[in-house]
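Reading through the structure tokens given below for one structure.
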Number of protein chains: 2
Amino acid sequence: MKLQKETSSSDRGQREHGRWYDDACGTAFGLEILGERWAMLIVRELLLGARRFSDLRDALPGISAKVLTERLESLAEWGVLTRKTLPPPAATQVYELTEWGYRAEPAIMELGRWAALSLRHNPQLPLSAVSLMTSMKTMQLPALAQAPDMAVGMAVGGEEFVVSIRQGLFGAERAPVAGCPAVLRAPAAPPIAGALYADIPLEALEAEAGLVVEGDRALLRRFIGLFALPPRI
Amino acid sequence: MKLQKETSSSDRGQREHGRWYDDACGTAFGLEILGERWAMLIVRELLLGARRFSDLRDALPGISAKVLTERLESLAEWGVLTRKTLPPPAATQVYELTEWGYRAEPAIMELGRWAALSLRHNPQLPLSAVSLMTSMKTMQLPALAQAPDMAVGMAVGGEEFVVSIRQGLFGAERAPVAGCPAVLRAPAAPPIAGALYADIPLEALEAEAGLVVEGDRALLRRFIGLFALPPRI
DNA sequence: CAGAATCCCATTCGATACTG
DNA sequence: CAGTATCGAATGGGATTCTG
């Protein structure tokens with residue numbers, strides 16, 4: 001009965017992951033699932049729909065293929081996401097959040113909302129298209145609840161999104177921008193973030209950052225005015 | 001100007017912490033501060049007021065002195081908490097959240113609320129007194145908003161808390177239990193968690209888990225009925 | 001006792017190279 | 001494109017020690 005490699009504290013932890021918090025608190029359990037490096041950011045990238053392995057690599061500057069593979073496996077085991085093989089001819093694989101995975105959105109957003117309060121937060125760093133879209137949800141000003149309905153298209157790199165305000169509620173989804181009364185196109189997310197959060201005039205971004213404005217420019221300006229970074233602490 | 005140990009990707013990241021997400025998203029910045037192992041649980045333990053080094057060690061089963069020291073330093077650098085030296089005669093040191101640190105509470109709670117949805121969450125693990133108190137905030141049922149005002153004392157190990165409902169709002173604070181119309185005493189948090197979340201009768205816990213009930217038992221039963229684990233996914 | 005400092009080892013991370 | 005394989009570096013955890 002004498003074991004050499006016993007886990008010493010019996011099997012109080014839930015798995016043989018190696019390091020467990022051994023704590024009934026939901027937060028501790030959440031950290032076991034989403035607390036490893038990159039895990040929460042992978043989930044963030046999936047909040048607006050399924051993505052391929054290489055989409056995730058591109059969206060997460062600095063993640064290695066090894067860690068991405070490990071996290072996807074672990075998150076799939078935990079039931080946060082599933083791997084799906086698309087039907088032919090595009091027989092490629094995508095990763096998609098489960099219903100439970102999608103419900104992590106409030107936790108992810110609250111963490112971002114909190115961190116953005118810091119003076120040391122640097123909003124000038126690179127930004128993925130998805131995190132731009134989700135950031136808008138947390139950076140909406142109270143005036144947005146009274147704003148008239150509107151829809152703005154955003155074409156960021158190769159991805160297209162429609163951002164809408166309906167009955168005072170913000171929404172963002174992957175959808176073709178065609179048909180939107182106003183469209184912002186940019187080679188990447190930062191120019192659009194500059195317009196939304198750094199109050200850089202659209203004209204400056206068109207001249208210097210490759211931004212392209214199509215359609216109702218006045219609508220865009222009203223729209224941009226509905227978002228701002230919070231007062232810093 | 002030729003450096004050997006250059007950080008290679010210029011200084012895009014905000015510090016020389018070694019590993020940075022290099023991502024403008026607030027969530028990424030939050031993870032740089034609270035995403036390292038144990039960091040968020042340390043903040044959780046401070047949500048109900050300042051604690052000493054050894055209090056934190058006791059509350060976080062499994063953390064090593066080394067890691068606790070490192071995290072406290074890092075969190076202090078980031079401005080999440082401060083170290084204070086209590087005035088003599090008790091010239092000991094305590095760690096206390098800054099105003100910004102306290103504002104992390106919603107993020108920590110949302111993560112816990114999300115994780116508790118999982119079937120694989122094990123609420124039977126050890127639990128600190130503080131995480132019991134904060135868990136109640138996330139596990140309150142809608143009926144709590146209509147409940148009459150009440151206050152319940154909880155003496156857990158050597159710590160005393162008063163949990164209150166005032167105008168339908170939940171509150172928990174470190175305060176003497178004396179004067180509360182009903183008091184639960186237990187050697188540790190799990191028996192109280194059993195009463196709240198596993199519907200174990202008070203009498204069984206008194207007989208087997210060292211629970212002591214003082215005062216208005218009917219009030220306690222009503223109180224306990226206002227909390228429950230969420231339906232699992 | 002509070003807590004900082006050290007040493008050692010296992011695990012994890014990150015970067016590069018490689019494969020089907 | 002979607003991962004594997006490999007290896008050096010950094011981090012985490014535990015034990016021990018030192019100090020006041």
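A, B, ... follow the sequence lines: proteins, then strands. Residue 1 opens every chain.
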Check every strand shown and say whether A/Ser64 touches a base, only sugar-phosphate, or nothing at a heavy-atom separation below 4.0 Å. base
For a quick check of understanding: with a heavy-atom distance under 4.0 Å over all strands, which category does A/Arg57 fall into, base, sugar-phosphate or nothing? nothing
Among C/dC13, D/dA2, C/dC8, the one nearest A/Arg37 by side-chain distance: C/dC13
Is any side-chain heavy atom of B/Arg44 closer than 4.5 Å to one of B/Leu60? yes
Taking CG from B/Asp58 and C1' from C/dA2, how many angstroms apart are they, rounded to a whole number? 12 Å
Could you state the CG-P distance from A/Leu68 to D/dG3, rounded to the nearest angstrom? 8 Å
In whole angstroms, how far is the C1' atom of C/dA2 from the OH atom of B/Tyr95? 9 Å
Closer to the 5' end of DNA chain C via nearest nucleotide, is it B/Asp55 or A/Gly62? B/Asp55
d(CZ, A/Arg51; C1', D/dC1) in whole Å: 14 Å
What is the distance from CH2 of B/Trp20 to P of C/dA15, rounded to the nearest Å? 15 Å
Whole angstrom is fine here: how far is it from CG in A/Leu56 over to P in D/dA2? 10 Å
Which nucleotide in C/dG3, D/dT4, C/dG14 has an atom nearest any side-chain atom of B/Gln93: C/dG3
A quick test of your reading: do over 12 heavy atoms of other residues, nucleotides or ligands sit less than 6.0 Å from CZ of A/Arg103? no
N or O in side chain of B/Thr69 less than 4.0 angstrom from C/dA4 OP1/OP2: yes
For A/Ala65, answer base if it contacts any base atom (sugar-phosphate contacts may also be present), sugar-phosphate if it contacts only those atoms, and nothing otherwise; contact means non-hydrogen atoms under 4.0 Å. base
When you measure from the side-chain N and O atoms of A/Trp38 to the phosphate of C/dT12, is any distance below 4.0 Å, counting only OP1 and OP2? no
Once you round it to whole Å, what is the distance between P of C/dC13 and CD of A/Glu73? 13 Å
What orientation do A/Phe53 and A/Tyr95 show, parallel under 30°, tilted 30 to 60°, or perpendicular over 60°? tilted
Check ion pair B/Glu159-B/Arg51 (N to O, under 4.0 angstrom): yes
Hey, could you give me the CG/CZ distance between B/Leu117 and A/Phe29, rounded to the nearest 0.5 Å? 10.5 Å
What's the CG-P distance between B/Asp22 and C/dA15, to the nearest Å? 11 Å
Please determine whether the number of non-hydrogen atoms from other residues, nucleotides or ligands lying under 6.0 Å from atom CZ of A/Arg37 exceeds 12. yes
Minimum-distance nucleotide (side-chain atoms of A/Phe53 versus C/dG14, D/dG3, C/dA2): D/dG3
C/dA4 OP1/OP2 closer than 4.0 Å to side-chain N/O of B/Arg83: yes
Mind checking if B/Arg71 touches a base, just sugar-phosphate, or nothing, with heavy atoms under 4.0 Å? sugar-phosphate
In terms of the nearest nucleotide of DNA chain C, which residue is placed more toward the 5' end: B/Lys66 or B/Ser54? B/Ser54
Ranking D/dA2, C/dG14, C/dC13 by distance to the side chain of A/Glu70, first place goes to C/dC13
Any side-chain N or O of A/Tyr21 less than 4.0 Å from the OP1 or OP2 oxygen of D/dG12? no
